[in-house]
Protein chains: 2
Amino acid sequence: MSRIPKPTVRRLAIYYRCLERLEQQGEDSISSKALAQMVHIKDSQVRKDLSYFGSFGRRGIGYDIRRLLGEIQKILGIHKRWNVIIIGAGNIGQAIARFKQIEKHNFQIVGVFDTDHRKIGKQITPGLVISDMSSLEEFIRQNQAEIAVIATPAEAAQSVADRLEKSGIKGIICFAPITLNCNIPVEYVDITVFFKTLVHSVVSQNYNI
Amino acid sequence: MSRIPKPTVRRLAIYYRCLERLEQQGEDSISSKALAQMVHIKDSQVRKDLSYFGSFGRRGIGYDIRRLLGEIQKILGIHKRWNVIIIGAGNIGQAIARFKQIEKHNFQIVGVFDTDHRKIGKQITPGLVISDMSSLEEFIRQNQAEIAVIATPAEAAQSVADRLEKSGIKGIICFAPITLNCNIPVEYVDITVFFKTLVHSVVSQNYNI
DNA sequence: TAGATTGTTAATCGATTAACAATC
DNA sequence: TAGATTGTTAATCGATTAACAATC
């Protein structure tokens with residue numbers, strides 16, 4: 001449908017982060033040039049990114065921070081609350097469940113699931129207890145969960161994804177090291193890939209050129 | 001120096017992941033077409049990516065999995081052990097410290113640091129105890145740490161990065177939501193950004209088109 | 001008015017893909 | 001030999017950047 005470059009969407013989330021900080025610091029407007037400097041890109045990139053969605057600035061003046069925060073919220077779809085479930089209560093699943101920043105950004109963790117009976121029933125945070133995977137489908141419907149985090153081992157990930165998709169989950173964040181076959185949007189986060197690409201930059205010293 | 005597209009490096013790490021699984025399954029060769037299908041890209045992309053570094057396949061046959069694993073190891077720089085320290089023993093810092101996959105991939109967590117005196121001295125895993133930030137520089141030298149993970153709040157991240165760079169750290173994985181000013185390679189991992197780009201795909205349904 | 005900064009177009013740059021000769 | 005598959009070139013596609021008229 002809309003032809004928005006993926007890098008543009010990612011940068012929008014990063015502008016949002018900067019604008020939040022600026023607002024907190026009491027600023028009320030900023031130029032594309034200043035914003036660009038904060039994230040080490042060109043000012044024309046900032047303006048181009050925003051121009052896909054409208055004209056939010058004032059020539060000669062810059063952008064109103066409050067206004068721009070609101071616009072980016074609407075563009076990204078983070079003006080509303082999203083209910084999130086986590087599949088896999090291992091190391092990563094539990095860390096995400098406890099991660100305060102996520103809730104601060106309008107993503108509410110409503111459930112955590114695992115197959116390990118020693119984990120089921122354990123409280124992760126006040127009001128958040130690990131549930132049995134067998135109750136997954138029912139839980140999704142009853143709690144209107146829309147986003148799921150897959151934090152299972154790779155072997156389990158595809159069958160979990162199938163169940164999620166079938167139950168009406170609309171998007172997946174996948175921490176498992178595998179490419180999923182499914183028809184809803186997926187964001188992949190393989191922590192080990194970041195380590196590997198980092199050391200490639202280190203050994204080839206090409207990060208700056 | 002070398003002109004390797006960043007996406008190529010990232011994909012190399014992903015091919016590596018597939019090849020590991022295939023090797024484990026007892027396979028010993030694979031074509032670019034089959035590998036491409038596993039990660040939902042074009043086969044010419046796989047061949048192009050590899051061709052930046054050499055000719056590792058056999059026409060008519062495909063790629064030897066063992067051989068290709070070894071070549072990618074050398075390209076990425078993961079054939080050697082890397083010593084890693086973690087700054088910030090909060091939620092994310094501790095999860096990374098406990099994350100087995102990282103050690104499996106030749107990254108050894110040798111130290112974890114925090115400024116909170118209630119945390120210092122606490123054992124995270126057998127042999128890994130939270131240290132005081134004041135011992136950072138000495139520790140880096142004595143343990144030949146080369147890679148650092150910044151898992152502090154955003155406000156602390158820049159000054160931590162400055163100290164790391166000055167102490168000879170060669171690359172940084174930054175979980176703090178901020179763009180750092182520094183002269184060594186940095187990989188940014190902002191978990192909330194993945195959630196935000198995901199919901200943009202969900203609301204705009206443009207993920208597939 | 002002069003200076004600053006946007007929004008947008010056109011030019012440039014870089015990455016992906018198709019195509020095919022080489023070769024197993 | 002026929003079929004499969006690589007390595008590489010050229011064509012295409014998409015994203016970034018420069019430039020500048022519009023306008024605050």
Side-chain angles (χ1 to χ4, degrees), chain A residues 1-15 18-19 22 27-65 67-68 71-72 75 179 197 200 204 206-209, chain B residues 1-15 18-19 22 27-65 67-68 71-72 75 179 197 200 204 206-209:
Chain A
M1 207 85 281
S2 56
R3 242 343 42 237
I4 309 297
K6 177 114 194 170
T8 290
V9 176
R10 224 197 63 255
R11 282 190 298 265
L12 242 33
I14 288 167
Y15 303 154
C18 295
L19 295 165
L22 290 163
E27 303 292 328
D28 44 37
S29 88
I30 190 167
S31 68
S32 57
K33 195 175 167 191
L35 188 51
Q37 275 169 351
M38 286 181 75
V39 297
H40 302 174
I41 59 173
K42 296 279 154 67
D43 55 323
S44 54
Q45 179 79 83
V46 172
R47 297 195 298 277
K48 180 68 172 168
D49 284 341
L50 295 173
S51 76
Y52 286 111
F53 305 97
S55 305
F56 308 130
R58 286 221 297 158
R59 293 170 196 240
I61 309 293
Y63 299 88
D64 178 81
I65 288 173
R67 161 100 195 274
L68 201 47
E71 297 289 355
I72 296 179
I75 294 166
T179 303
T197 56
H200 177 260
S204 67
N206 76 348
Y207 57 100
N208 214 355
I209 306 170
Chain B
M1 209 84 281
S2 56
R3 242 343 45 235
I4 308 298
K6 177 112 193 171
T8 290
V9 176
R10 225 198 61 255
R11 283 191 298 265
L12 243 32
I14 290 168
Y15 303 154
C18 296
L19 295 165
L22 290 163
E27 304 291 329
D28 44 37
S29 89
I30 190 167
S31 67
S32 57
K33 195 175 168 190
L35 187 51
Q37 275 169 351
M38 286 181 75
V39 297
H40 301 175
I41 60 173
K42 297 279 154 67
D43 54 324
S44 53
Q45 179 78 84
V46 172
R47 295 196 299 277
K48 180 69 174 167
D49 285 340
L50 295 173
S51 77
Y52 286 111
F53 305 97
S55 305
F56 308 130
R58 286 222 296 158
R59 292 168 196 239
I61 309 292
Y63 299 89
D64 179 80
I65 288 172
R67 160 99 195 274
L68 201 46
E71 297 290 353
I72 296 178
I75 293 166
T179 302
T197 56
H200 177 260
S204 66
N206 75 348
Y207 57 100
N208 214 354
I209 307 168

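Lettering of chains follows the sequences in order, A, B, ..., and the numbering in each one begins at 1.
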Which residue lies more 5' along DNA chain D, comparing Lys33(B) with Gly60(A) via nearest heavy atoms: Lys33(B)
Taking every non-hydrogen atom, the tightest pair across Ile30(A) and Leu19(A):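 Here Ile30(A) and Leu19(A) meet closest at CG2-CD2, 4.1 Å.
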What does [X] touch in the nucleic acid at a heavy-atom separation under 4.0 angstrom: a base, only the sugar-phosphate, or nothing?
X: Ser31(A); value: sugar-phosphate
X: Arg58(B); value: sugar-phosphate
X: Phe56(B); value: sugar-phosphate
X: Ser55(A); value: sugar-phosphate

Summary of protein contacts for nucleotides 11-16 of chain C, nucleotide by nucleotide, where a base hit scores B, a sugar-phosphate-only hit scores S (4.0 Å, heavy atoms): ----SS
N or O in side chain of Ser32(A) less than 4.0 angstrom from dT6(C) OP1/OP2: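 Yes, such a contact exists.
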Presence of Tyr63(B) side-chain N/O under 4.0 Å of dG7(D) phosphate oxygens OP1/OP2: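 Checking dG7(D) against Tyr63(B), a side-chain N or O does come within under 4.0 Å of OP1 or OP2.
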Atom-pair distance ([atom1] on [X]; [atom2] on [N]), nearest Å:
X: Gln37(B); N: dT5(D); atom1: CD; atom2: P; result: 11 Å
X: Leu35(A); N: dA4(C); atom1: CG; atom2: C1'; result: 17 Å
X: Ile61(A); N: dA4(C); atom1: CD1; atom2: P; result: 12 Å
X: Arg47(B); N: dA21(C); atom1: CZ; atom2: P; result: 15 Å
X: Phe53(A); N: dT6(C); atom1: CZ; atom2: C1'; result: 17 Å
X: Arg59(A); N: dT5(C); atom1: CZ; atom2: P; result: 14 Å
X: Asp43(B); N: dA19(C); atom1: CG; atom2: C1'; result: 11 Å
X: Leu50(B); N: dT17(C); atom1: CG; atom2: C1'; result: 16 Å

With sequence neighbours excluded, residues passing side chain to side chain donor-acceptor pair (under 3.5 Å) with Lys6(B):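 With sequence neighbours excluded, Lys6(B) shows a side chain to side chain donor-acceptor pair (under 3.5 Å) to Glu187(B), given in chain and number order.
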Point-to-point distance, once rounded to the nearest 0.5 Å, from CG of Leu68(B) to OH of Tyr15(B): 10.0 Å
